[in-house]
Amino acid sequence: MHTTQLLIANEWVDASDGATSETVNPANNQVIGVFADAGASDVDAAVAAARSGFESDAWRGMTPDDRGRLLWRIADLLDRDAVEIAALETLDQGQPTFMSTGVNLPLAAQVFRYYAGYATKIDGRVAPVSIPGNLSYQRRVPLGVCALITPWNFPLAIAAWKLAPALATGNSVILKPAEQTPLSTVRLVALCREAGVPAGVVNLLTGGPEVGKALVAHRGVDKVSFTGSTEVGQHIVRASADNLKRVALELGGKAPSIVCADADLDAAVAGNLQGALFNTGQACGAYTRFFVHRSRVDEFTSKIAAAADALPIGPGQDPATIIGPLVSQEHLDRVHGYVESGRSQGAELVTGGTRVGGDLADGFFYRPTVFSGVQDDMTIAREEIFGPVLSVMAYDDEDEVVARANDTDFGLAAVLWTKDLSTAHKLPPRLHFGTVFVNQLPLIDPASPWGGFGMSGWGREFGEYSIDSFTETQTTFLNLS
Ligand code: NAD
């Protein structure tokens with residue numbers, strides 16, 4: 001049993017009212033952890049600690065070189081404990097081991113190393129002002145106290161995406177992981193402490209939506225960096241207006257996958273299967289709407305359904321597992337509700353559509369599900385399901401498929417499968433999505449920006465975009481005469 005506390009001003013503490021909540025192993029619904037459930041006074045204490053951490057000489061006075069070394073040390077500690085933390089993530093999130101050890105942990109360490117390098121490269125400019133005898137120069141300065149609010153699907157990696165650039169730029173932070181999956185973030189914060197992050201610079205509040213809401217409304221918080229659902233993102237925009245805090249949003253997606261008539265169909269089936277079902281479909285960039293050229297749609301549907309049916313389902317700890325459990329009973333009910341809506345709205349269920357029984361009946365396991373004959377206006381084609389549900393649709397020509405792919409509120413990712421070089425270059429600019437993959441899985445790399453158009457969010461993470469997003473531009477205007 002894992003029992004965890006809050007981290008405020010470098011001290012591990014219980015919630016001030018002693019409140020706790022539980023987290024379960026989604027593979028068997030057994031309680032695996034009890035975490036401190038922060039209340040309003042803990043939020044106030046964490047914000048005050050983060051403010052003094054931000055203003056402290058230890059942090060403000062740290063040279064960029066030392067900040068870079070600190071981030072590098074955190075990456076080394078993540079590598080040192082990778083096996084243990086990956087196992088914790090699999091236990092808490094359900095994530096198959098090949099994802100937690102092969103993607104989640106390495107990506108977290110990679111992001112810290114990437115931004116360790118940036119700490120010494122955050123430079124400014126000189127503006128060529130036309131006022132005689134004046135010098136105007138710009139620096140990028142940290143924002144102050146940043147609340148980093150994260151979802152349950154890739155808990156560690158997403159916390160790292162935000163924490164590393166926030167620290168590289170000299171901010172202080174309060175991490176607020178999702179209530180379903182707090183354990184790996186608690187370990188990450190412990191590693192920051194071990195690495196020597198000065199007191200108050202990294203704080204941790206575990207708890208539910210109320211903690212997130214209190215941070216978003218708090219006048220002592222300068223920025224909210226949020227990854228989660230579009231609905232909560234909208235709430236954050238409204239609730240953050242009081243002090244006009246900076247808001248960055250990485251929200252939901254409904255990625256179209258366009259399979260052209262000339263595509264290598266076997267490669268498209270294999271890539272789409274992985275793109276749709278990695279992390280059991282619980283991924284914002286997951287491919288979900290399959291627009292397949294009418295000449296190939298039957299072949300595509302039967303091949304992908306057979307391949308989906310053959311994927312090993314089981315606890316994430318089993319090295320053979322490709323499809324793990326969904327994160328919670330609540331989420332399983334939600335996914336099944338979408339499947340029921342697909343059936344009742346007239347889509348044809350090709351495979352899946354049920355919970356897994358037998359030895360796995362206590363866990364939140366759901367069979368990979370493929371629908372064909374899906375219409376664009378069906379709920380399964382419009383709303384984010386965030387589970388292992390694929391909708392296949394036929395298309396006839398390029399203009400039609402572009403219009404249909406773009407006919408969505410979301411705009412995070414899209415993918416195109418073609419062997420034609422001209423199509424590969426001509427179509428992406430016509431697709432209204434933050435990232436367009438071509439003959440590719442939905443990959444993430446810290447050098448390549450990630451974020452959405454439309455209701456998939458505001459801003460971009462990674463590369464220099466995260467540096468910009470965690471800094472303000474400050475001008476100094478100097479009279480030289
Ligand atoms: P969620 O929005 O329910 O919760 C995310 C976090 O916000 C949790 O920590 C939660 O406690 C907190 N929260 C809930 N209500 C809040 C409020 N009113 N104010 C402040 N904080 C609040 O999301 P989830 O169910 O944990 O994650 C799934 C969603 O995340 C999906 O929509 C998915 O697409 C999205 N996601 C997006 C990306 C991306 O990069 N665009 C990446 C991963 C997940």
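Counting convention: from 1, in listed order, for ligands and their atoms alike.
Looking at K121 and E464, no side-chain N of the basic residue comes within less than 4.0 Å of a carboxylate O on the acidic one, giving no salt bridge. A salt bridge links R187 to D81: one of the charged nitrogens lies within less than 4.0 Å of a carboxylate oxygen. In summary, D222 and R246 do not engage in a salt bridge, as defined by a charged side-chain N under 4.0 Å from a carboxylate O.
With hydrogens and angles left out, the side-chain atoms of T20 and D37 include no donor and acceptor closer than 3.5 Å.
In terms of the salt bridge (charged side-chain N to carboxylate O under 4.0 Å, His left out) criterion, K223 has no residue partners (sequence neighbours excluded).
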Could you give the N/O to N/O pairs under 3.5 Å linking ligand 1 and the protein, each with its distance?
| unit_1 | atom_1 | unit_2 | atom_2 | d |
| --- | --- | --- | --- | --- |
| ligand 1 | 2 (O) | S229 | N | 2.8 |
| ligand 1 | 2 (O) | S229 | OG | 2.7 |
| ligand 1 | 9 (O) | T150 | O | 2.8 |
| ligand 1 | 9 (O) | K176 | NZ | 3.0 |
| ligand 1 | 11 (O) | K176 | NZ | 2.7 |
| ligand 1 | 11 (O) | E179 | OE1 | 2.7 |
| ligand 1 | 23 (O) | S229 | N | 3.4 |
| ligand 1 | 25 (O) | W152 | NE1 | 2.9 |
| ligand 1 | 26 (O) | W152 | N | 3.4 |
| ligand 1 | 26 (O) | W152 | NE1 | 3.3 |
| ligand 1 | 30 (O) | G228 | O | 3.3 |
| ligand 1 | 32 (O) | E384 | OE1 | 2.6 |
| ligand 1 | 34 (O) | E384 | OE1 | 3.3 |
| ligand 1 | 34 (O) | E384 | OE2 | 2.5 |
| ligand 1 | 40 (O) | W450 | NE1 | 3.0 |
| ligand 1 | 41 (N) | L251 | N | 3.3 |
| ligand 1 | 41 (N) | L251 | O | 2.7 |

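Less than 6.0 angstrom separates the ring centroid of F386 from the ring centroid of W152.
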